[in-house]
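Every chain is numbered from 1 and lettered A, B, ... according to where its sequence line falls, protein lines coming before strand lines. Quick caveat, the model's predicted, so the values are computed rather than measured.
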Amino acid sequence: AQTVTQSQPEMSVQEAETVTLSCTYDTSESDYYLFWYKQPPSRQMILVIRQEAYKQQNATENRFSVNFQKAAKSFSLKISDSQLGDAAMYFCAYRTQGGSEKLVFGKGTKLTVNP
Amino acid sequence: EAGVAQSPRYKIIEKRQSVAFWCNPISGHATLYWYQQILGQGPKLLIQFQNNGVVDDSQLPKDRFSAERLKGVDSTLKIQPAKLEDSAVYLCASSLGDHSGSARKTQYFGPGTRLLVL
């Protein structure tokens, strides 16, 4: 079974600076997808960024980028120019290609942004 | 485009009572998911529907949980009888669900229903 591990329960960053959130996963599959979701106190899960495993190029969405290391099964999220609105729980998630295609989530990292 | 709608947003019940949650997915989304998120953990899939058929319910506690999506659009999740450990946020998500590309399978989440069982 696939597992997702987020080893940092909490992180903090100063406004305007850069922070990296770590995620590792375990799978025997070669084709899959990885996601970072943001969950503010409202509890709604918001998609931040998506990476297809077959793509070597790291995904980027404005201030958010990933470092995808397939061999190491590592998928970290970098947030540049951190803003107060970035404060939230961040969840790393894995999705299989085919089958039920359910999302398997890590336990999350709570990000605090200090003014 | 309207997002995934869920109701109620909050519910407090006593153990052994029953409760039902409702979800209306994004228009045109064939696949609907129910996740349970216990405090301090990531969401865990309870059940997945493709149109009105069940794709995966392997982690649904079928002795007390049931779900349906009769017309392939909105869905209800029921707990009867509730236990203390059912206190959680119940998240509904939907996706287009076809096979034409990963972007079309991206799951979009509703605001969730926060359940407290006393």
For A/Leu103, is there any backbone N or O sitting under 3.5 Å from a side-chain donor or acceptor partner on B/Tyr35? yes
Heavy-atom closest contact (A/Arg95 atom, B/Thr106 atom, distance): NH1-N, 4.1 Å
Assess whether atom CG of B/Leu39 is packed by more than 12 heavy atoms of other residues, nucleotides or ligands within 6.0 Å. no
Tell me whether B/Val89 is reachable from B/Leu115 by hopping between hydrophobic residues (I, L, V, M, F, W, Y) whose side-chain heavy atoms are closer than 4.5 Å. no
Of B/Lys44, B/Gln59, B/Gln107, which meets side chain to side chain contact (heavy atoms under 4.5 Å, CB included) against A/Lys102? B/Gln59
Hey, what do you get for CZ (A/Arg43) to CZ (B/Arg9), rounding to the nearest 0.5 Å? 11.0 Å
Taking every non-hydrogen atom, the tightest pair across B/Pro43 and A/Phe105: O-CD1, 3.3 Å
I'd like to know if B/Val54 and B/Phe65 are part of one continuous hydrophobic network [Ile/Leu/Val/Met/Phe/Trp/Tyr, side-chain heavy atoms within less than 4.5 Å]. yes
Should the heavy atoms of other residues, nucleotides or ligands under 6.0 Å from CG of B/Asp63 be counted, would the total exceed 12? yes
Just so I understand: if I count every heavy-atom pair under 4.5 Å between each of A/Met89, A/Lys110, A/Gln39 and chain B, which residue has the most? A/Gln39
Please say whether more than 12 non-hydrogen atoms of neighbouring residues, nucleotides or ligands are located less than 6.0 Å from NZ in B/Lys62. yes
Portion of B/Gln37 that has a non-hydrogen atom of chain A nearer than 4.5 angstrom: side chain
Is atom NZ of A/Lys107 surrounded by more than 12 heavy atoms (other residues, nucleotides or ligands) closer than 6.0 Å? no
